[in-house]
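Everything numeric in this text was worked out from a predicted model, so none of it was measured.
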Amino acid sequence: MLSRQHKLLVMKIVSLFSVVRGYNIPIIVLAQYLSAIFILAPEKRALDILLDFYLFLIVFASAVTIASGYIINNFYDSQKDLINRPNKSMLDRLVSQKTKLTVYFSLNFLAVLMASIVSWRAFLFFSAYIFLIWFYSHKIKKYPIVGNLTAAFMAVIPFFAILLYFYNSISFEEIENHRSHFAVISAHAMFLFLLLLIREMIKDLENLKGDLANDYHTIPITYNEKVSKQIITVLTFLTVIPVYILVNIYDVGYMDIYFYVCFIVLLFFLLYLWRSNSKKQFLLLHNVLKFLIVSGVFCIVLINPSVLWHGRQLISTF
């Protein structure tokens with residue numbers, strides 16, 4: 001049996017895990033590696049990518065930066081979360097604000113240290129990323145539109161980190177040869193950005209009471225719920241553009257199945273959105289979007305499933 005002191009320690013560890021949303025970090029790491037293998041550098045062996053030490057440092061720096069971002073966001077949103085997420089908020093409060101800030105600065109220091117080992121460009125990239133996360137949590141997120149756009153953009157930034165890593169070694173003369181490759185990457189990024197932006201706007205509808213009580217000027221508060229739903233509808237139809245580019249212009253293998261399913265799900269998503277008017281209903285819509293985003297990570301392997309079926313690229317000899 002654990003003593004009371006040990007139980008409290010375990011609860012604090014669980015609390016910190018909840019604050020940094022440790023369940024999201026492995027998904028982000030997996031998404032970065034799968035993107036590197038199937039989208040960013042398909043001409044390289046998967047094993048070479050997995051064993052790339054500098055890529056590991058970039059992914060590691062991304063993971064700890066995102067974790068620190070969740071901490072500083074939790075720090076500034078502590079009062080709002082008491083209303084919007086009372087159960088999670090009580091668990092998060094088992095760790096003091098002082099401890100959260102200590103872990104926050106430690107993770108940021110670790111991130112820039114790992115990035116500096118890769119290159120001075122990576123150091124500047126992650127330093128700017130850390131500052132943007134802090135500025136968003138402290139100021140930007142309270143304002144409509146720009147707050148939503150910044151949140152969605154920050155969620156995509158880790159993929160730009162590995163994009164810059166792979167393209168840093170390409171000479172200016174070779175860029176022309178990678179134009180179509182870059183177009184595919186941009187279309188994937190656009191689709192993900194739109195889904196993340198829609199999710200951020202659904203969160204504003206879901207957290208309406210807490211945002212109103214803490215003077216957050218989100219779109220449904222500044223304007224109204226109808227305007228927010230109209231914008232979400234437009235953004236949902238805009239996802240057709242990157243999907244069309246990926247499915248009809250470029251080759252994404254069997255991943256086109258994922259995009260077709262997404263399109264069908266998003267149509268039902270819109271129908272349910274216009275019927276929704278409660279926190280419970282908006283939470284369901286939020287979870288649907290999270291499912292599409294997470295499933296999209298795993299569906300990246302459909303671009304070239306032979307890597308999994310035969311393992312040729314993973315187990316080929318040196």
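Heavy atoms of other residues, nucleotides or ligands lying less than 6.0 angstrom from CZ of F75 number more than 12. The number of heavy-atom neighbours closer than 6.0 Å to CZ of F109, taken from other residues, nucleotides and ligands shown, is 12 or below.
A perpendicular orientation is assigned to the rings of Y258 and F191, their planes being inclined by more than 60° (bins at 30° and 60°).
Distance alone, capped at 3.5 Å, places no donor-acceptor pair between the T222 side chain and the I219 backbone. The backbone N or O of N277 lies less than 3.5 Å from no partner atom in the side chain of E225, so there is not a single donor-acceptor pair.
Counting only heavy atoms from C-beta outward, the side chains of F269 and I198 approach each other to under 4.5 Å.
Scanning both residues, F282 and L273, for their nearest heavy atoms gives CE2-CD1, 4.3 Å.
When the ring-ring contact (aromatic ring centres under 6.0 Å, His included) test is applied to F125, no partner is found at least two apart in sequence or on another chain.
To the nearest 0.5 Å, atoms CE (M154) and CG (L149) are separated by 11.5 Å.
Identified under the salt bridge (charged side-chain N to carboxylate O under 4.0 Å, His left out) test for residues 270-280, with sequence neighbours left out: none. Residue pairs meeting the salt bridge (charged side-chain N to carboxylate O under 4.0 Å, His left out) criterion with at least one member in residues 109-134: none, sequence neighbours excluded.
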Assess whether side chain to side chain contact (heavy atoms under 4.5 Å, CB included) is satisfied between S276 and L285, documenting all intermediate values.
-> CA-CA 9 Å; S276 302; L285 292 170; 3.7 Å; yes
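Taken together through direct or relayed side-chain contacts under 4.5 Å among Ile, Leu, Val, Met, Phe, Trp and Tyr, L192 and V234 form part of one hydrophobic cluster.
The aromatic ring centres of W134 and F131 sit less than 6.0 Å apart.
Ion pairing of E200 with K203 is present here, as a side-chain N (NZ or NE/NH1/NH2) and a carboxylate O approach within less than 4.0 Å.
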